[in-house]
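Input: a single structure, listed below in C-alpha cells.
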Amino acid sequence: HNFKNVPIETKANTVHGINYTGSQKCKEMMDKVHMIQRMNDGKGVVMATGTPITNSITDAYIMQKYLQSGELVMLDLQSFDSWIGMFAERANEFEIDVDTSTYRMVTRFAKFHNLPELTSLLASVADFHQADEFADLPVFDGYNDAVITKTVEFAAYLDNISQRADDVRQGYVSRVDDNMLKITTDGRKAALDMRLVDPSASFSYQSKVARCVENVADIYFKTQQDKSTQLIFCDTSTPKEGFNIYDEVKERLICQGIAEKHIVFIHDAETESKRVQLFSKVRNGEVRVLIGSTFKLGLGVNVQDKLIALHHLDVPWRPADMTQREGRILRQGNTNSRVYIYRYITEGSFDAYSWQLLESKQRFIAALLGGSLTGRSGTDVESTVLDYGEVKALAIGNPLVKERVETANALNRYLSLQHKYIESRIRMEKELLELPGKISNQKNSIHKCQEDLLFIRQWSVSNTEEAQISKKVREKKRQKLREDIGNAVRSYYLEPKEKVLLAYNGFDIILPANMTKEKPYIWLKRQGKYYVELGDTDVGNLIRIDNYLGTLDDYLEKLEKGLSKLVEKQNDIKAELKKEEAYTDKIEKCKQKLERLDKRLGVDKT
C-alpha cells in the first residue's frame with residue numbers, strides 16, 4: 001500500500017484516479033525491485049497484501065510493473081497507454097468528493113475487457129490464498145445482520161428519492177444539481193440516520209445508532225473481566241461541529257453506563273506518536289471502544305489483541321474498504337478464539353443491495369487474482385453508484401420492479417453473449433479456411449529443413465579440404481570471412497532489396513532488405529531459409545552462423561511441434577463449430593418475461 005504511488009507516463013492526462021507524478025519513494029522502490037530481479041534471473045521479490053486491487057483494476061498494472069515488467073515488454077504492454085488500450089475503456093461519471101458533500105463529473109477507466117487474458121497474466125505471479133486457510137485466525141461464523149425496521153419518515157424520504165431518480169432520468173434537472181451518485185449518497189445517509197438528510201428529524205430507537213449502542217454496551221459489560229475491545233466503523237458523518245454520528249454514538253454509549261475514557265475517536269490521535277499510544281491502550285484494554293473511518297482506522301492499524309466485535313454502521317464504498325476494515329479483527333495475534341462482525345441494515349434501504357454489490361465485486365477481485373475469471377468484460381471495482389432501475393426498485397419496494405430490472409439486465413447480457421458467440425464463430429470459420437494453407441506451408445518448411453540437415457551431415461563428411469589445410473591458414477581464411485560479413489552488413493542498412501553476399505558451407509548468406517542498425521541479422525538459404533540474428537562483434541557473428549547450422553535439428557523439432565499445434569488447432573476449431581451454444585432460446589424467454597412484467601406493472605412503452 002505504501003509503494004503503489006508509482007509515477008505513470010501516459011497521454012490519458014484527463015483521467016481521474018491516475019497519479020502522473022507519483023512519489024520519489026515509490027519510484028525508488030520500483031528501481032530496487034527491478035535491480036533485485038535482474039540479479040536473480042527475474043526472481044528474488046515477494047509482495048504480500050490482503051488487497052492488491054483497491055481503487056481500480058488499474059492497480060493490477062502497478063503490480064505487473066513491479067513483478068512482470070519483462071512479460072509486459074514481450075507483450076508490448078510496457079507502457080500504461082498500451083496496457084489500457086488492451087484492457088480498459090473510459091467513461092464519464094459523477095463521483096462524490098472527499099468531504100461527501102460535493103459532486104463532480106470525472107473521466108475514469110470504468111469498464112475493463114479481455115479479462116481472461118489479464119487473469120492468466122496475473123495468475124503467473126499472484127498466489128491467492130483464502131483467509132480461512134490459516135488456522136491461527138479467530139473463528140468468524142458469518143455476519144450478524146441487525147435489520148432496522150423502516151420508519152414512516154424514511155418511507156416518505158424514499159418516495160422523494162424515487163421522484164428524484166425520475167427527474168434525473170427524464171432530464172428535468174441539471175446533472176450538476178442532482179444525479180444518481182447524489183441520490184445514492186443521500187439514500188445511504190438516510191439509511192444511516194434521518195437527521196443527516198433532515199435536520200428537523202429527531203432521534204428514533206428504530207435506528208442504526210440505537211441498535212449499535214445496544215450491541216456495543218451488551219458486549220462491553222459481558223466481557224468486562226477480559227477487557228475485550230470493539231471497533232465501530234463509520235465513513236459518513238465524521239466528527240465536526242453540529243450533529244454527527246460519532247458524537248451521537250459516544251453520548252449514547254455513555255448514557256448506557258460505559259466510562260467516557262473507554263470510548264475514543266481515531267480522529268483524536270492526530271500525530272503518529274498519539275496513534276502509537278492509542279493503539280497500545282486498545283491492545284491492553286484501557287480503551288474498550290474505538291470509533292473511526294476506513295481511511296483512518298482501516299489501514300496499518302494493529303489493535304487486534306483483545307478485539308471481540310466489529311460494527312459496520314454504514315456500507316463501505318469499495319470492496320477493499322470492507323476487506324481492510326475486517327482485517328483489523330480477522331488477524332493473527334487476536335487472543336479471542338471467536339469474533340463477531342455486525343452489519344446494520346435499514347429495511348427497504350440501499351444497505352442490503354449495497355452489501356450485495358460489494359460482495360459480488362469482492363468475488364470478482366478474488367476470481368481475477370485467483371485465476372478463475374471467465375467473463376470477458378466487467379465494470380470497475382470502485383464505484384457503488386446505483387443506476388436508475390436499481391434505485392426505483394429499492395425505493396418503491398415493489399419486487400416486480402426489481403424482477404424487471406434483473407430480467408432486463410439478463411436480456412442485455414444474453415444479447416451481448418449472442419453477439420460475441422456469432423463474432424467468435426465468424427472468426428473461427430475464417431481461421432479454419434486459412435489453416436490448410438498454413439499446414440501445407442509448414443509441411444513444406446519441414447521437408448526443406450530435412451533436406452538441408454541431410455546436406456549438412458553429408459557435407460561434413462565429404463568436405464575434407466578444410467581439415468587438410470593448416471590451422472594458421474584456416475584461421476586467416478576465417479578472419480577474412482568474418483571481416484567480409486561484418487563490413488557487408490554494416491554497409492547494407494535500410495537497403496530496399498535482398499542481396500546474396502557469399503556462399504558458406506553450402507548455404508547462401510543473404511543480406512536482408514530494410515535491415516536496421518539496432519537489429520542486424522542475415523538469412524541462411526539453401527532449400528529452406530533461416531533467420532540468424534547478429535551480435536556486436538565480427539568474431540561472434542561467424543560463431544553464431546556455425547552454431548545455427550550445428551543445431552538445425554532443434555529448428556526442425558520446432559517446425560514439427562508447430563505442425564502438431566496447427567493440426568490440433570484445426571481439430572479443435574472443427575469440434576467447437578459443431579457445438580450449438582446459441583442464446584436464442586434464452587433471449588426469447590427474457591423478452592416474453594419482460595412483456596409479462598411490463599403488462600403487470602403498467603409500463604407505457606412509448
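Start at 1 with the first residue, then count along the sequence.
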For Gln68 and Val125, which heavy atoms make the closest approach, and how far apart are they? CG-CG1, 3.4 Å
Name the residue from Asn160, Asp166, Asp167 that meets the side chain to side chain donor-acceptor pair (under 3.5 Å) definition with Gln163. Asp167
Tell me whether [X] contacts the main-chain N or O of [Y] through its side chain, where contact means a donor paired with an acceptor under 3.5 Å.
X: Thr151; Y: Phe154; answer: yes
X: Thr184; Y: Met180; answer: yes
X: Lys296; Y: Ile266; answer: no
X: Lys208; Y: Leu313; answer: yes
X: Tyr66; Y: Val33; answer: no
X: Thr271; Y: Lys274; answer: yes
X: Asn336; Y: Arg338; answer: no
X: Arg275; Y: Glu270; answer: no
X: Gln230; Y: Ile219; answer: no
X: Asn334; Y: Pro138; answer: no

All side chain to side chain donor-acceptor pair (under 3.5 Å) counterparts of [X], not counting sequence neighbours:
X: Glu214; answer: none
X: Gln277; answer: none
X: Ser202; answer: none

Just jot down the salt bridge (Lys or Arg N to Asp or Glu O under 4.0 Å) partners of [X], sequence neighbours excluded, or say none.
X: Asp145; answer: Arg343
X: Glu326; answer: none
X: Lys27; answer: Asp31
X: Arg325; answer: Asp235, Asp314

Please step through side-chain contact (heavy atoms from CB on, under 4.5 Å) for the pair Ser204 and Met194, ending with a clear verdict. CA-CA 9 Å; Ser204 168; Met194 277 302 295; over 6 Å; no
With a 3.5 Å cut-off and sequence neighbours excluded, list the donor-acceptor pairs that the side chains of residues 249-263 form with protein atoms.
{"residue": "Arg252", "atom": "NE", "partner": "Glu248", "partner atom": "OE2", "Å": "2.8"}
{"residue": "His262", "atom": "ND1", "partner": "Tyr220", "partner atom": "OH", "Å": "2.7"}

How many angstroms lie between [atom1] in [X] and [atom2] in [Y], if you round to the nearest 0.5 Å?
X: Glu347; Y: Gln206; atom1: CD; atom2: CD; value: 9.5 Å
X: Leu118; Y: Phe87; atom1: CG; atom2: CZ; value: 4.5 Å
X: Cys212; Y: His312; atom1: SG; atom2: NE2; value: 11.5 Å
X: Leu297; Y: Ile291; atom1: CG; atom2: CD1; value: 10.0 Å
X: Lys65; Y: Leu72; atom1: NZ; atom2: CG; value: 6.5 Å
X: Arg283; Y: Gln304; atom1: CZ; atom2: CD; value: 7.5 Å

Given side-chain contact (heavy atoms from CB on, under 4.5 Å), test Arg288 with Thr223 step by step and report yes or no. CA-CA 10 Å; Arg288 300 279 307 281; Thr223 60; 3.3 Å; yes
Please determine whether a side-chain nitrogen of the Lys or Arg among Asp186 and Arg164 lies less than 4.0 Å from a carboxylate oxygen of the Asp or Glu. yes
Can you list every pair that meets ring pair (Phe, Tyr, Trp, His ring centres under 6.0 Å) and has a residue in residues 182-207, with sequence neighbours left out? Phe203-Tyr205
Within residues 268-300 or reaching into it, pairs that qualify as ring pair (Phe, Tyr, Trp, His ring centres under 6.0 Å) - sequence neighbours excluded: none
Test Leu307 against Leu231 for side-chain contact (heavy atoms from CB on, under 4.5 Å), laying out the working first. CA-CA 8 Å; Leu307 269 182; Leu231 297 182; 3.6 Å; yes
For a 4.5 angstrom cut-off between non-hydrogen side-chain atoms, does Ile62 reach Ile8? yes
Walk me through whether Arg188 and Thr236 qualify under side-chain contact (heavy atoms from CB on, under 4.5 Å). CA-CA 9 Å; Arg188 287 160 66 106; Thr236 311; 5.8 Å; no
Checking Tyr157 now: which residues fulfil ring-ring contact (aromatic ring centres under 6.0 Å, His included) with it, not counting sequence neighbours? none
Excluding sequence neighbours, so at least two apart, what forms ring-ring contact (aromatic ring centres under 6.0 Å, His included) with Phe140? Tyr143
When you compare the side chains of Asp247 and Asn244, does any donor N or O come within less than 3.5 Å of an acceptor on the partner? yes
Heavy-atom count around Lys25 NZ within 6.0 Å, excluding the residue itself: above 12? yes
Determine, using ring centers only, whether His267 and Tyr246 are less than 6.0 Å apart. yes
